[in-house]
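In what follows, a structure is listed as structure tokens, so that the remarks can point back to it.
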Amino acid sequence: MKLTVYLAGEIHTNWREELQKKAEKKQLPLTFVAPQTNHDRSDDIGEDILGKQPGKLYKDAAASDINNFRTQVMLQKADVVIALFGEQYRQWNTAMDASSAITLNKPTIIIRPESLIHPLKELSNKANVTVETVDQALDVLSYIYE
């Protein structure tokens, strides 16, 4: 059984590549999808498709519409969602993706450091599993195949 895993989380570090390499090493039958990780592409997609917008607000709104559409399709296709919250970046999109996954009743794993226990307590309570590391998240997925 092959699962599709949506990897929600910040796009500024290589955590997705690290997780994918570890999953391959464990020989887990997983396909990974994610939000647009090219920051410029994500910011410019509205104007790339719809043309020049009359200001920053409109540019952001157009990009947001298209990015949200993409995310909705990916989340609905996913079997599992892993949402990584790190300490370095603000995590608005991660929180939105995780809450959307939970609303869609997708099995959800949250990865968050100990320092974020308090600010993420309600979200963690709604997720299926909350862990502190990528390795723990992969162990949860590995358990499916035992």
Side-chain angles (χ1 to χ4, degrees), residues 1-50 53 56 59-146:
M1 170 179 61
K2 191 167 192 162
L3 297 175
T4 298
V5 181
Y6 181 88
L7 300 176
E10 56 87 9
I11 64 170
H12 302 289
T13 64
N14 68 343
W15 74 271
R16 285 180 182 82
E17 292 80 16
E18 174 190 326
L19 185 143
Q20 289 172 307
K21 285 179 185 172
K22 289 179 177 187
E24 287 173 16
K25 188 173 181 181
K26 289 178 174 272
Q27 298 181 329
L28 295 174
L30 305 173
T31 299
F32 295 101
V33 295
Q36 176 58 258
T37 58
N38 179 321
H39 196 261
D40 290 336
R41 178 72 169 148
S42 175
D43 285 351
D44 295 338
I45 190 63
E47 290 190 332
D48 290 349
I49 293 174
L50 302 173
Q53 299 298 300
K56 184 171 175 26
K59 178 183 176 181
D60 284 349
S64 179
D65 287 345
I66 296 166
N67 283 316
N68 284 336
F69 176 83
R70 183 182 187 280
T71 297
Q72 182 179 354
V73 170
M74 296 288 193
L75 281 174
Q76 287 178 349
K77 295 276 185 191
D79 299 302
V80 175
V81 175
I82 295 177
L84 180 131
F85 290 87
E87 295 183 83
Q88 188 173 2
Y89 300 99
R90 293 185 181 142
Q91 304 293 304
W92 315 128
N93 288 350
T94 308
M96 186 179 72
D97 287 355
S99 65
S100 294
I102 291 164
T103 299
L104 290 168
N105 208 27
K106 296 292 180 175
T108 304
I109 300 170
I110 290 177
I111 305 171
R112 56 101 186 99
E114 186 177 340
S115 64
L116 295 179
I117 289 173
H118 180 74
L120 292 174
K121 64 187 178 298
E122 285 83 8
L123 194 57
S124 289
N125 184 266
K126 295 285 187 180
N128 297 94
V129 179
T130 299
V131 298
E132 293 186 4
T133 68
V134 164
D135 290 320
Q136 290 171 332
L138 285 174
D139 287 346
V140 172
L141 292 179
S142 294
Y143 185 66
I144 292 170
Y145 297 101
E146 287 185 15

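With respect to Thr31, the side-chain contact (heavy atoms from CB on, under 4.5 Å) criterion is satisfied by exactly one of Leu3, Val5, Thr4: Thr4. Applying the side-chain contact (heavy atoms from CB on, under 4.5 Å) test between Ile66 and each of Ile45, Asp48, Thr71 identifies Ile45 as the sole match.
Heavy atoms of other residues, nucleotides or ligands lying less than 6.0 angstrom from NZ of Lys77 number 12 at most. By the 6.0 Å contact criterion, OH on Tyr145 is enclosed, its count of non-hydrogen atoms from other residues, nucleotides or ligands being greater than 12.
Listed here is the closest heavy atom pair of Met1 and Pro29: O-CG, 3.4 Å. Between Ser100 and Leu75, the shortest heavy-atom distance links the atoms CB-CD1, 3.8 Å. When every heavy atom of Leu30 is checked against every heavy atom of Ala23, the shortest pair comes out as CD1-CB, 4.1 Å. In plain terms, the two heavy atoms of Ile102 and Ala127 that are nearest each other are CD1-N, 3.8 Å. Residues Val134 and Ile111 share a closest heavy-atom pair of CA-CD1, 3.9 Å. Taking each heavy atom of Ala62 and Leu50 in turn, the nearest pair found is CB-CD1, 3.9 Å.
Here side chain to side chain donor-acceptor pair (under 3.5 Å) pairs that include residues 104-116, with residues two or more places apart or in two chains, are Glu87-Ser115. Residue pairs satisfying the side chain to side chain donor-acceptor pair (under 3.5 Å) criterion with at least one member in residues 119-128, sequence neighbours excluded, are listed as follows: Ser124-Thr130.
Atom OH of Tyr6 and atom CG of Leu104 lie 11.5 Å apart (nearest 0.5 Å). Once rounded to the nearest 0.5 Å, the distance linking OG of Ser142 with CD of Gln27 reads 11.0 Å. Remark: Lys22 NZ to Glu18 CD distance equals 4.0 Å, nearest 0.5 Å. Interatomic distance, Asp60 CG to Asn67 CG, rounded to the nearest 0.5 Å: 10.0 Å. Taken to the nearest 0.5 Å, the CE atom of Met74 stands 10.5 Å off from the CZ atom of Phe69. Taking CG of Leu7 as the start and CG of Leu84 as the end, the distance is 9.0 Å to the nearest 0.5 Å.
Residues Asp139 and Lys26 have side chains in contact (heavy-atom distance under 4.5 Å, counting atoms from C-beta outward). Using a 4.5 Å heavy-atom cutoff, the side chains of Asn68 and Met96 are in contact.
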With side-chain contact (heavy atoms from CB on, under 4.5 Å) as the test, would you mind laying out the steps for Thr94 and Asp97 before giving the verdict? CA-CA 5 Å; Thr94 308; Asp97 287 355; 5.8 Å; no
Going through the checks in order, is the salt bridge (charged side-chain N to carboxylate O under 4.0 Å, His left out) test met by Asp43 and Lys59? CA-CA 8 Å; Asp43 285 351; Lys59 178 183 176 181; over 6 Å; no
Does Ile11 form a side-chain contact (heavy atoms from CB on, under 4.5 Å) with Asn93? I'd like the steps, not just the answer. CA-CA 10 Å; Ile11 64 170; Asn93 288 350; over 6 Å; no
What verdict does the salt bridge (charged side-chain N to carboxylate O under 4.0 Å, His left out) test give for Lys21 and Glu17, after you've listed the backbone C-alpha separation in whole Å, the side-chain angles of each residue and the deciding distance to 0.1 Å? CA-CA 6 Å; Lys21 285 179 185 172; Glu17 292 80 16; over 6 Å; no
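Put simply, the side chain of Gln53 never gets that close to the backbone of Glu47: no donor and acceptor are under 3.5 Å apart. Here the side chain of Arg16 pairs no donor or acceptor atom with the backbone of Val33 at under 3.5 angstrom.
In terms of the side-chain hydrogen bond (donor to acceptor under 3.5 Å, both in side chains) criterion, Asp79 has no residue partners (sequence neighbours excluded).
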